[in-house]
Amino acid sequence: MKKNQKKMAHTPIRIIKTVLATGLFAIMCSAIAFPLLAGLLASFRPGTELIRRGLSINLDFSTLTLSNYKYLFGKNADSAKYFMWYKNSIIILILSVTITLFVCYFVAYGLTMYEYRFKNLLFTLVLATMMVPFEILMLPLYKEIIKLHLVDTYFGVIVIGICNASTIFFFRQFLSGIPKDLLSAARIDGANEYRIAASIILPLAKPAFASMGILSAMGCWNAILWPLLVLKGAEKFTLPIGLNTLLTPYGNNYDVLIAGSMFGILPIFVIFLFFQKYIIEGMTAGAVKG
């Protein structure tokens with residue numbers, strides 16, 4: 001009886017906590033969803049309506065139209081420039097994420113799976129680079145890019161991020177949970193070190209690749225400061241830089257800007273849908289024993 005009474009006493013407290021937690025998360029979700037919904041509605045309004053009303057979620061169906069998207073996908077100069085920038089961003093995204101993930105994985109593999117002198121010191125130096133703001137490193141990096149003749153090239157945009165410290169740290173933390181007995185067993189079976197890293201350990205790291213793939217893709221897709229510094233010609237601009245050129249003191253092309261911004265979300269959304277199952281696997285791995 002006493003146990004039942006205690007359970008009955010705790011039930012209202014649990015309900016209150018659940019309601020408060022649900023309300024808090026609902027507020028947070030609304031704060032995140034509001035700009036996205038406002039931008040989506042604005043993409044279906046003429047540029048004059050956007051200037052007059054700004055970003056709002058006012059559902060006035062009389063102002064909603066497909067004209068912005070028809071113009072964006074039409075055969076005109078603005079459309080041609082937009083999809084040229086889109087193509088540049090896709091190329092840089094694919095190259096940057098692919099190279100970064102594999103380089104950081106093998107660096108983290110070396111820092112995790114082997115024992116040697118100064119191993120911890122090397123890892124500390126990797127972490128130390130995370131404490132230096134990019135704005136401090138930007139000028140020295142740009143001088144190096146000039147000396148390497150990589151200005152106004154895709155690789156000049158990509159090269160500074162292919163050995164990202166935070167990605168190395170994440171991979172190292174994930175790989176540290178994989179038993180090293182797998183390496184010993186593979187060596188006994190005659191596998192060389194490259195095969196062990198690429199064929200045995202790498203498939204186990206799919207959740208880490210998925211998580212870092214999404215984060216790297218978001219950072220690469222939205223990057224504007226470094227690409228703006230490296231890329232000189234308009235034909236090499238990425239999408240964020242190109243969209244910013246539509247806002248000038250002499251006129252603002254809001255029709256393409258808003259519709260193009262919303263359509264620009266699509267690649268990251270597709271990447272998230274593709275990788276989310278691996279992220280869930282990583283979060284639930286080890287949750288069930290036996």
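Just so you know, these numbers use all the heavy atoms, side chains as well, and skip hydrogens, waters and symmetry mates.
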Legend entry - Heavy-atom closest contact (A234 atom, W85 atom, distance): O-NE1, 3.2 Å
Inset, instruction - Indicate yes or no: at least one non-hydrogen side-chain atom of S166 is less than 4.5 angstrom from one of M130. - result: yes
Legend entry - Listed partners of Y114 passing side chain to side chain contact (heavy atoms under 4.5 Å, CB included), at least two apart: Y109, Y116, R187, E193
Legend entry - I241 side chain near T238 side chain, heavy-atom distance below 4.5 Å: yes
Inset, instruction - Write down the atom of A197, the atom of F106, and the distance for their closest heavy-atom approach. - result: CB-CE2, 3.8 Å
Legend entry - L182 side chain reached by I178 side chain, heavy atoms, under 4.5 Å: yes
Inset, instruction - Just say parallel, tilted or perpendicular for the rings of F73 and F263, cut-offs at 30° and 60°. - result: perpendicular
Inset, instruction - Could you grab the distance from atom CG of L239 to atom CG of N244, nearest 0.5 Å is fine? - result: 10.0 Å
Legend entry - Note, T112 side chain near Q173 side chain (heavy atom, < 4.5 Å): no
Inset, instruction - Check for a donor-acceptor pair, side chain of N68 on one end and backbone N or O of A259 on the other, with a separation under 3.5 Å. - result: no
Inset, instruction - Identify whether the distance between the nearest side-chain nitrogen and carboxylate oxygen of E115 and K180 falls below 4.0 Å. - result: yes
Inset, instruction - Quick one: pull up OH in Y154 and NZ in K236 and give me the separation to the nearest 0.5 Å. - result: 6.0 Å
Legend entry - Within 6.0 angstrom of F134 CZ, more than 12 heavy atoms from elsewhere: yes
Inset, instruction - Output the distance between atom CG (L41) and atom CG (L36), rounded to the nearest 0.5 Å. - result: 9.5 Å
Inset, instruction - Mind checking side chain to side chain contact (heavy atoms under 4.5 Å, CB included) for V132 and listing every partner two or more places apart, or none if nothing turns up? - result: I136, L137
Inset, instruction - Looking only at non-hydrogen atoms, find the nearest pair between I168 and C163 and report the distance. - result: CD1-SG, 3.7 Å
Inset, instruction - Could you check if a side-chain atom of L66 sits within less than 4.5 angstrom of a side-chain atom of F44, using non-hydrogen atoms only? - result: yes
Legend entry - Cluster overlap L183 with I188, hydrophobic side-chain contacts below 4.5 Å: no
Inset, instruction - For the pair L148 and F155, evaluate side-chain contact (heavy atoms from CB on, under 4.5 Å) and give the outcome as yes or no after the intermediate values. - result: CA-CA 11 Å; L148 294 172; F155 195 68; over 6 Å; no
Inset, instruction - Could you check I200 against R195 for side-chain contact (heavy atoms from CB on, under 4.5 Å), going step by step and ending with a plain yes or no? - result: CA-CA 7 Å; I200 298 174; R195 184 179 178 185; 5.7 Å; no
Legend entry - Shortest non-hydrogen contact between A42 and I258, atoms and distance: C-CG2, 3.6 Å
Legend entry - Close side-chain approach of N120 and L111, heavy atoms under 4.5 Å: no
Inset, instruction - Measure the spacing between CD1 of I94 and CD1 of I99 and express it to the nearest 0.5 Å. - result: 11.5 Å
Inset, instruction - Begin from the C-alpha positions of I145 and V159 and carry the test side-chain contact (heavy atoms from CB on, under 4.5 Å) through to its verdict. - result: CA-CA 9 Å; I145 293 298; V159 69; 3.6 Å; yes
Inset, instruction - Compute whether any side-chain donor of one residue and acceptor of the other, for Y71 and S79, lie under 3.5 angstrom apart. - result: no
Anything under 3.5 Å between a donor and an acceptor, one on a side chain of residues 217-231, the other on a protein residue two or more places apart or in another chain? List them.
from: W221; atom 1: NE1; to: G264; atom 2: O; distance (Å): 2.9
from: N222; atom 1: ND2; to: M218; atom 2: O; distance (Å): 3.1
from: W226; atom 1: NE1; to: G156; atom 2: O; distance (Å): 3.0

Legend entry - Intermediate values then yes/no, side-chain contact (heavy atoms from CB on, under 4.5 Å), T22 and V19: CA-CA 5 Å; T22 304; V19 171; 5.8 Å; no
Inset, instruction - Evaluate the side-chain proximity of M84 to F237: yes if any heavy-atom separation is below 4.5 Å, no if none is. - result: no
Inset, instruction - Assert yes or no for the condition that the ring centre distance of Y86 to Y82 is strictly below 6.0 Å. - result: yes
Inset, instruction - Enter the distance from F83:CZ to S89:OG here, rounded to the nearest 0.5 Å. - result: 12.5 Å
Inset, instruction - Kindly work out whether a path of hydrophobic side-chain contacts (I/L/V/M/F/W/Y, heavy atoms less than 4.5 Å apart) joins L266 to I268. - result: yes
Inset, instruction - Among Ile, Leu, Val, Met, Phe, Trp and Tyr joined by side-chain contacts under 4.5 Å, find the other residues sharing a cluster with M131 and list them by chain and number. - result: none
Inset, instruction - Considering non-hydrogen atoms only, spot the tightest contact between A205 and L175 and give its length. - result: CB-CD2, 4.4 Å
Inset, instruction - Compare every heavy atom of T100 with every heavy atom of G161, then report the nearest pair and how far apart it is. - result: O-OG1, 3.4 Å
Legend entry - Heavy-atom side-chain proximity of F102 to L202 below 4.5 angstrom: yes
Legend entry - Linked hydrophobic residues, L24 as query - side chain contacts closer than 4.5 Å: F25, M28
Inset, instruction - Please name all residues satisfying side-chain hydrogen bond (donor to acceptor under 3.5 Å, both in side chains) with S216, sequence neighbours left out, ordered by chain then number. - result: none
Legend entry - Verify same cluster id: I32, L40 (apolar side-chain graph, 4.5 Å): no
Legend entry - T245 side chain vs G242 backbone, donor-acceptor pair below 3.5 Å: yes
Legend entry - Straight-line distance of L93 CG to I158 CD1, nearest 0.5 Å: 9.5 Å
